[in-house]
K.L.:
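After the structure tokens below, expect a handful of questions from me.
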Amino acid sequence: MTVGQSGGDRAVASGLGAVVMWGLAPVFTRSAVTEIGPLTLLVLRALIAGLVCLPLCVRTLKNIARTHLARLVIAGLLGMVGYTLPVAFGLRSVPSSIAALILATEPIWIMCLGRVFAKEHVAFWAWIASALAMCGVAAVIGPSLGVEAGGRMLVGLGLVTVGTILFGAYTIVLRPLSQVYGSTAATTASTLIGALPYLVFAGLAAPHRMAGVTAGVWGDIAFLAVGSSVAGMLLWNRSVTRMGSTKAGLLLFLEPLIGVAGGIVLLGEHFSLESAVGGLLVVVGVVMAWLAQRRRTEADVRPGSSTSAAVPDWCPSDQLSEGVLP
């Protein structure tokens, strides 16, 4: 095996490691919230992740320009509160396998937000593919709504969807900071700042409250805080650096499949035929939209083109190469 091949294999392994962690994040969240509640989980996850990120972003926080500080705070709040809070509460009533497929639509929401707020051009077929993905979501959640009484499932699905949309906003807000300070510095700094509001609820994590927490739940918390939020991001950045964002981005489409498999195998969740068909439509729709928008972008930047467009924020490969956290 040549040195180049060895480096390429390590890059693929790093990318797969990140995708596995992110795909399993809803599974471990669902497991933990049923034991300790969503707010306690969020406090522990945020504070642990913030402490781990602190040494990685001290220089960035010292040197950040005042004009960028507000954007960093907004990104941190969107990522650590706007995204994680509704998803954690939603997973009290939504199976992790269903949540994983809803979360897979993040690129679609990023595309829509980019069109509205950043005036980005969106390919016609990207809109068609997005509609296909949304039909898949409807097929996934439709059978579930008849099972849960009292609307708990509907509320949970709404919360997960809100978190997904806010994650799209987080990606768009963070991207300019990643370009200035680097993806690792911008992401760790926003994670640390986004963790600060949870200090208000630090009493929920007091030792006497945590005395009865099982080793399994502590494992869930450690996986989410250190694995998904920190190690996953660092592994992904390493993969993107060595492979390039386009190739590494293809690994992202394994994430919902891993989430579904994890929910079935680890939590014993039931996955109906209708949900399987809907999940397939979601994945196919997102992939088609990504490819359509990629072709549109490549056409825009060809020599002689009347426009000069960067790869848009919503493309999965680029959103993660800029250091986003699931």
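FYI, side chains are in, hydrogens and waters are out, and symmetry mates aren't considered; it's all heavy atoms of this structure.
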K.L.:
Count I, L, V, M, F, W, Y as connected when their side-chain heavy atoms are under 4.5 Å apart, and connections chain through other members. Are Met134 and Val282 then in the same cluster?
P.N.:
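In one cluster: yes.
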K.L.:
Would you say that Tyr198 contacts Leu42 through its side chain, given a criterion of any heavy-atom pair below 4.5 Å between the two side chains?
P.N.:
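A side-chain contact exists here, since the closest heavy-atom pair is under 4.5 Å.
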K.L.:
Can you find a pair of side-chain heavy atoms, one from Thr40 and one from Met210, that are under 4.5 Å apart?
P.N.:
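A side-chain contact exists here, since the closest heavy-atom pair is under 4.5 Å.
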K.L.:
Is there a donor-acceptor contact under 3.5 Å from the side chain of Thr171 to the main chain of Phe167?
P.N.:
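Present.
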K.L.:
Any side-chain heavy atom of Met288 within less than 4.5 Å of one from Trp125?
P.N.:
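They are not in contact (no side-chain heavy atoms under 4.5 Å apart), so the answer is no.
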K.L.:
Side-chain heavy atoms nearer than 4.5 Å, only ILVMFWY residues, links allowed to pass through others: does that put Val137 and Leu281 together?
P.N.:
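Unlinked, Val137 and Leu281 end up in two clusters.
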K.L.:
To the nearest 0.5 Å, what is the distance between CG on Leu157 and CD1 on Ile102?
P.N.:
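Leu157 atom CG to Ile102 atom CD1 measures 4.5 Å (nearest 0.5 Å).
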K.L.:
Are Ile98 and Ile264 connected into the same hydrophobic cluster when the rule is that any two of I, L, V, M, F, W, Y join if their side-chain heavy atoms are below 4.5 Å apart?
P.N.:
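Result: yes, single cluster for both.
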K.L.:
What are the two closest heavy atoms between Val33 and Ala88, and how far apart are they?
P.N.:
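Looking at all heavy atoms of both residues, the shortest contact is CG1-O, 3.8 Å.
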K.L.:
Could you tell me the separation between the CD1 atom of Ile108 and the CD1 atom of Ile165, rounded to the nearest 0.5 Å?
P.N.:
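Reported value, rounded in 0.5 Å steps: 12.0 Å.
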K.L.:
Once you round to the nearest 0.5 Å, how far does CG of Leu47 lie from CG of Leu199?
P.N.:
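Result: 5.5 Å between the selected atoms.
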K.L.:
If we count only N and O atoms by modelled type, under 3.5 Å, do the side chains of Arg45 and Ser229 hold a donor and an acceptor together?
P.N.:
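Distance-only check passes for Arg45 and Ser229.
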K.L.:
Side chains of Leu103 and Glu255: closer than 4.5 Å at any heavy-atom pair?
P.N.:
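Counting from C-beta outward, Leu103 and Glu255 never come under 4.5 Å.
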K.L.:
Hydrophobic cluster membership, with links at side-chain heavy-atom distances under 4.5 Å among I/L/V/M/F/W/Y: are Phe201 and Leu196 in one?
P.N.:
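Phe201 clusters together with Leu196.
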K.L.:
When hydrophobic residues are tied together by side-chain contacts of less than 4.5 Å, even through go-betweens, does Val284 share a cluster with Val260?
P.N.:
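No, because Val284 and Val260 fall into different hydrophobic clusters, even though each may have its own neighbours under 4.5 Å.
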K.L.:
Test your reading of the model: is there a side-chain donor-acceptor pair from Arg71 to the backbone of Val173, 3.5 Å cut-off?
P.N.:
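Confirmed, Arg71 side chain pairs with Val173 backbone.
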K.L.:
Would Tyr83 and Leu78 satisfy side chain to side chain contact (heavy atoms under 4.5 Å, CB included), going step by step from the backbone distance to the final call?
P.N.:
CA-CA 6 Å; Tyr83 168 67; Leu78 285 171; over 6 Å; no
K.L.:
Side chains of Leu254 and Leu16: closer than 4.5 Å at any heavy-atom pair?
P.N.:
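Yes. Closest side-chain heavy atoms under 4.5 Å.
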K.L.:
Using 0.5 Å steps for rounding, measure from the CG atom of Leu61 to the SG atom of Cys53.
P.N.:
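One gets 10.5 Å once the value is rounded to the nearest 0.5 Å.
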K.L.:
Can you give me the closest heavy-atom contact between Val19 and Ile258, atom names plus distance?
P.N.:
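Scanning both residues completely, I find the closest heavy atoms to be CG1-CD1, 3.8 Å.
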K.L.:
Look at the side chain of Thr191 and the backbone N and O of Thr187, then say whether any donor-acceptor pair between them is shorter than 3.5 Å.
P.N.:
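Yes, because the side chain of Thr191 sits within donor-acceptor range (under 3.5 Å) of the backbone of Thr187.
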K.L.:
If I compare all heavy atoms of Ala65 with all of Tyr181, which pair ends up nearest, and what's the gap?
P.N.:
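Here Ala65 and Tyr181 meet closest at N-OH, 3.1 Å.
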K.L.:
Is it true that the side chains of Glu269 and Ser96 contain a donor and an acceptor less than 3.5 Å apart?
P.N.:
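Distance-only check passes for Glu269 and Ser96.
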K.L.:
Check the side chains of Thr214 and Trp218 for a donor-acceptor pair under 3.5 angstrom, ignoring hydrogens and angles.
P.N.:
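No donor-acceptor contact under 3.5 Å links the two side chains.
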K.L.:
Kindly give the heavy-atom pair with the smallest separation between Ala186 and Leu174, and that separation in Å.
P.N.:
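Scanning both residues completely, I find the closest heavy atoms to be O-CD1, 3.8 Å.
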K.L.:
Run the numbers on Ile48 and Ile221 for side chain to side chain contact (heavy atoms under 4.5 Å, CB included), then give the verdict.
P.N.:
CA-CA 9 Å; Ile48 293 172; Ile221 295 168; 3.9 Å; yes
K.L.:
Okay, side chain of Trp22, backbone of Ser228: is any donor-acceptor separation there less than 3.5 Å?
P.N.:
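Here the side-chain-to-backbone pair exists.
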K.L.:
Which heavy-atom pair separates Gly259 from Val27 by the least distance, and what is that distance?
P.N.:
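Closest heavy-atom pair between Gly259 and Val27: O-CG2, 3.7 Å.
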K.L.:
Are side-chain heavy atoms of His68 and Leu177 found at a separation under 4.5 Å?
P.N.:
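Contact flag for His68/Leu177 side chains = yes.
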K.L.:
When rounded to the nearest 0.5 angstrom, what distance separates CH2 in Trp127 from SG in Cys112?
P.N.:
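With rounding to 0.5 Å, CH2 (Trp127) is 4.5 Å from SG (Cys112).
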K.L.:
With rounding to the nearest 0.5 angstrom, report the CG to CG distance, Asp220 to Leu44.
P.N.:
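Here the interatomic distance stands at 11.5 Å.
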K.L.:
Compare every heavy atom of Pro95 with every heavy atom of Ser93, then report the nearest pair and how far apart it is.
P.N.:
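Between these two residues, the closest heavy atoms are O-CD, 3.8 Å.
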K.L.:
Going by heavy atoms in the side chains, are Pro197 and Leu77 under 4.5 Å from each other?
P.N.:
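Yes, at least one pair of side-chain atoms sits under 4.5 Å.
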K.L.:
Got Ile36 and Leu204 here, is their nearest side-chain heavy-atom distance under 4.5 Å?
P.N.:
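No, every pair of side-chain atoms sits at 4.5 Å or beyond.
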K.L.:
Given side chain to side chain contact (heavy atoms under 4.5 Å, CB included), test Trp109 with Thr161 step by step and report yes or no.
P.N.:
CA-CA 10 Å; Trp109 296 112; Thr161 302; 4.3 Å; yes
K.L.:
Go through Met21 and Leu235 one step at a time and tell me if the side chain to side chain contact (heavy atoms under 4.5 Å, CB included) criterion holds.
P.N.:
CA-CA 10 Å; Met21 289 182 185; Leu235 285 172; 4.1 Å; yes
